[in-house]
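One-based numbering along the sequence shown.
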Amino acid sequence: RILLIKEEEQTLKNRITFANEPLVSHVSSVSVPLVNYNDDLLGSITLVGFSQITPHNLEHKASQQLLAISKEISEIFGYKE
């Protein structure tokens, strides 16, 4: 339970989450939120792919690009940092 709470805190802080082979071997995913002006969750963007090429950390170039896209789309709905 403590691990789950810690993971939730990291997800809320970084606005990105990673799942390494949660259901199928060799398949992982990364997700970013789409929010509105109240920071209410409207949806998400999820990238699913083979584990070898799917980002697993915040520093990965694809993670940074997904975060930028999330911010850009959220700003259309009034989100401001």
Report, one line per pair, each donor and acceptor closer than 3.5 Å where one atom sits in a side chain of residues 66-75; sequence neighbours left out.
residue	atom	partner	partner atom	Å
Ser70	OG	Pro33	O	2.3
Lys71	NZ	Glu81	OE2	2.9
Ser74	OG	Val35	N	2.9
Ser74	OG	Ser70	O	2.9

Given a cutoff of under 4.5 Å between side-chain heavy atoms of I, L, V, M, F, W and Y, with clusters grown through shared members, what are the other residues clustered with Phe50?
Ile53
Kindly compute the distance separating OG1 (Thr54) from NE2 (His60), expressed to the nearest 0.5 Å.
8.5 Å
The reported gap from CG in Leu42 to CG in Leu34 (rounded to nearest 0.5 angstrom) is 7.0 Å
Can you list, pair by pair, the side-chain donor-acceptor contacts under 3.5 Å of residues 8-17, counting residues two or more places apart and other chains?
residue	atom	partner	partner atom	Å
Thr11	OG1	Glu7	O	2.9
Asn14	ND2	Gln10	O	3.4
Arg15	NH2	Asp39	OD1	2.8

Report yes or no: do Glu21 and Ser28 form a side-chain donor-acceptor pair below 3.5 Å?
no
For Pro55 versus Phe18, what's the shortest heavy-atom pair and its separation?
O-CD2, 3.4 Å
Take atom CD of Gln65 as the centre, draw a 6.0 Å sphere, and report whether it contains more than 12 heavy atoms from other residues, nucleotides or ligands.
no
When clusters are formed by joining ILVMFWY residues with side-chain heavy atoms under 4.5 Å apart, either directly or through shared neighbours, do Ile45 and Leu47 land in the same one?
yes
Among residues two or more places apart or on two chains, list those pairs meeting salt bridge (Lys or Arg N to Asp or Glu O under 4.0 Å) that have a residue in residues 44-62.
none
Any donor-acceptor pair under 3.5 Å from Asn38 side chain to Asp40 backbone:
no
By side chain to side chain donor-acceptor pair (under 3.5 Å) - contacts of His56 (at least two apart):
Asn20
Thr46: side-chain contact (heavy atoms from CB on, under 4.5 Å) partners, not counting sequence neighbours:
Ser29, Ser31, Ser44, Val48
